[in-house]
Peer 1: 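Below is a structure I'd like to ask you about.
It should be emphasised that the depicted structure is a prediction, and the values quoted were computed from it without experimental measurement.
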Protein chains: 2
Amino acid sequence: MKVSAQEEYGLRCLVQLAGLKDGESLTLAQMAGREGISVANAGKLLWILSKAGLVQSLRGTKGGYYLARPASEIYLSEIIRVMDEEEISGHCKSYTGVLDECVHTSDCGIRPVIMSIHEIVQESLSKITLAQLVGSEKNVDATLHQIQSFQSRRDAEAH
Amino acid sequence: MKVSAQEEYGLRCLVQLAGLKDGESLTLAQMAGREGISVANAGKLLWILSKAGLVQSLRGTKGGYYLARPASEIYLSEIIRVMDEEEISGHCKSYTGVLDECVHTSDCGIRPVIMSIHEIVQESLSKITLAQLVGSEKNVDATLHQIQSFQSRRDAEAH
DNA sequence: GCTAATCTTGACTTAAAAGTAAGGTATGAT
DNA sequence: ATCATACCTTACTTTTAAGTCAAGATTAGC
């Protein structure tokens, strides 16, 4: 249960774009440089984000990438879902198929758990927008802890 | 962000053991057969669980595996953590290290998000015990939806 | 004590994810 | 028009996770 490299780098590039002013854009080379990944790799990630409609691009000399919507209207749940949709779509088309991939079909108590885990993650991430991730680590951390779902976890102990 | 094969199969084997009566045990071959995996693979998974103290084993002719504690005292959070500790331990020792592995060290708004995602998952799973996963799919699903953290998610829409 | 059943452990093989390379296509400036 | 810039797309290589193999060690029953 971990965040994949593709998910994380995709998120990082989006945060960069979220910090831009209106009318500005960033090239692949710029984003790759700041994240320490290759231009080719950044190109792949941004292409996925572009295909999903989260970013738009402009070709040519003054080209680059920019967000397709305001950062305050892009939720992390959507980003995470988009970034690993690639590998999923090869094996199965629907969301039910995702389960059939790793869960065998006989009746058992585990299927609802796997499903619930994914729902919990998606639901938690649907409360955070890209706009809330722009800024210093300290500020973002403070912001996150004011969001309801993140705060409630403090009541319970982790076993 | 998905449940790995290792996590899922480990969980499945534990559910099998949780369904045993006192004094009973299961061999690798029995568990492997029921889950549709090879005996060798089951051996690897059970060894991890054994090393972590979740199961105990008995060698020899009448040997097999059984839970080290009552199923009602084993939380899913612990299982998930144990099952992918292997890959983590090779690169870094502490939990901080897990983050340094995939997050570069400069100040940014993403580190707390990655950390929070893991915390949310752990906290949610710490409310479910192995004992609650024994039974038919329908019953387990009903049980899960009565647990507080799973129920609260229904209020919000998934974006 | 011998044998058969079973867990233990490390090395190896295979499959999947991540990342790279290269050629193609569109755009803007001169 | 031509050239330089930068995005687009497919195929390939590398790396990592998953799964397998085989030899060793332990126990129960005869």
Side-chain angles (χ1 to χ4, degrees), chain A residues 1-13 17 24-33 35-66 68 83-92 98 101-102, chain B residues 1-13 17 23-33 35-52 54-66 68 83-92 98 101-102:
Chain A
M1 202 75 215
K2 64 179 183 183
V3 177
S4 72
Q6 189 161 273
E7 288 167 336
E8 171 151 352
Y9 286 127
L11 185 53
R12 285 172 170 283
C13 290
L17 295 180
E24 291 179 336
S25 68
L26 288 174
T27 67
L28 287 177
Q30 288 174 316
M31 287 187 275
E35 299 303 341
I37 60 179
S38 72
V39 175
N41 196 10
K44 186 182 190 176
L45 300 173
L46 269 290
W47 177 72
I48 294 173
L49 292 170
S50 170
K51 206 178 51 172
L54 289 178
V55 304
Q56 291 195 334
S57 62
L58 214 61
R59 297 208 260 198
T61 310
K62 293 285 180 184
Y65 288 92
Y66 54 95
M83 290 311 292
D84 53 13
E85 212 157 61
E86 283 290 286
E87 40 188 283
I88 290 169
S89 64
H91 302 280
C92 39
V98 179
E101 181 188 13
C102 48
Chain B
M1 201 75 216
K2 62 178 183 182
V3 177
S4 72
Q6 189 161 273
E7 288 168 334
E8 171 152 351
Y9 286 128
L11 184 55
R12 284 172 171 282
C13 291
L17 296 179
E24 291 180 336
S25 69
L26 288 174
T27 68
L28 286 177
Q30 288 174 317
M31 287 188 274
E35 298 304 341
I37 60 177
S38 71
V39 175
N41 197 10
K44 187 182 190 176
L45 299 174
L46 269 292
W47 177 72
I48 294 173
L49 292 170
S50 170
K51 207 178 50 171
L54 288 178
V55 304
Q56 291 195 334
S57 61
L58 215 61
R59 296 207 264 199
T61 310
K62 293 286 179 184
Y65 288 92
Y66 54 95
M83 289 312 289
D84 52 13
E85 213 157 61
E86 283 289 288
E87 39 189 285
I88 291 168
S89 64
H91 301 279
C92 39
V98 179
E101 183 189 10
C102 47

Peer 1: Just how far is it from atom CD of B:Glu24 to atom CG of B:Leu17, taken to the nearest 0.5 Å?
Peer 2: 11.0 Å
Peer 1: Nearest-Å distance, CD (A:Gln56) to C1' (D:dC7)?
Peer 2: 14 Å
Peer 1: Without decimals, in angstroms, what is the distance between A:Ile48 CD1 and D:dC8 P?
Peer 2: 13 Å
Peer 1: For A:Gly53 versus A:Ala68, what's the shortest heavy-atom pair and its separation?
Peer 2: O-CB, 3.4 Å
Peer 1: Starting at NZ of A:Lys44 and ending at P of D:dA6, how long is that distance when rounded to a whole Å?
Peer 2: 23 Å
Peer 1: Send over the distance from B:Lys51 NZ to C:dG10 P, rounded to a whole Å.
Peer 2: 9 Å
Peer 1: Students often get this wrong, so: under 4.0 angstrom with heavy atoms, is A:Ala5 touching a base, only sugar-phosphate, or nothing?
Peer 2: sugar-phosphate
Peer 1: In whole angstrom, what separates B:Lys2's NZ from C:dA16's P?
Peer 2: 10 Å
Peer 1: Polar atoms only, N or O, under 3.5 Å: list the protein pairs with nucleotides 4-8 of chain C and their distances.
Peer 2:
from, atom 1, to, atom 2, distance (Å)
C:dA5, O3', B:Thr61, O, 3.3
C:dT6, O4', B:Gly60, O, 2.9
C:dC7, OP1, B:Leu28, N, 3.2
C:dC7, OP2, B:Leu28, N, 3.3
C:dC7, O3', B:Ser57, OG, 3.2
C:dT8, OP1, B:Ser57, OG, 2.7
C:dT8, OP2, B:Tyr65, OH, 2.8
C:dT8, O4', B:Arg59, NH1, 3.4

Peer 1: Do the non-hydrogen side-chain atoms of B:Leu58 and B:Ser25 ever get within less than 4.5 Å of each other?
Peer 2: no
Peer 1: Please check this pair: side chain of A:Asp84 against backbone of B:Met1, looking for a donor-acceptor N/O pair closer than 3.5 Å.
Peer 2: yes
Peer 1: Over how many whole Å does the gap from A:Leu49 atom CG to D:dC7 atom C1' extend?
Peer 2: 14 Å
Peer 1: Rounded to whole Å, how long is the line connecting atom CG of A:Asp84 with atom C1' of C:dA18?
Peer 2: 14 Å
Peer 1: Look at the side chain of A:Glu7 and the backbone N and O of A:Met83, then say whether any donor-acceptor pair between them is shorter than 3.5 Å.
Peer 2: no
Peer 1: Working to the nearest 0.5 angstrom, can you tell me the gap between B:Tyr66 OH and B:Leu26 CG?
Peer 2: 13.0 Å
Peer 1: Nearest whole Å is fine: how far is C:dT14 C1' from B:Asn41 CG?
Peer 2: 13 Å
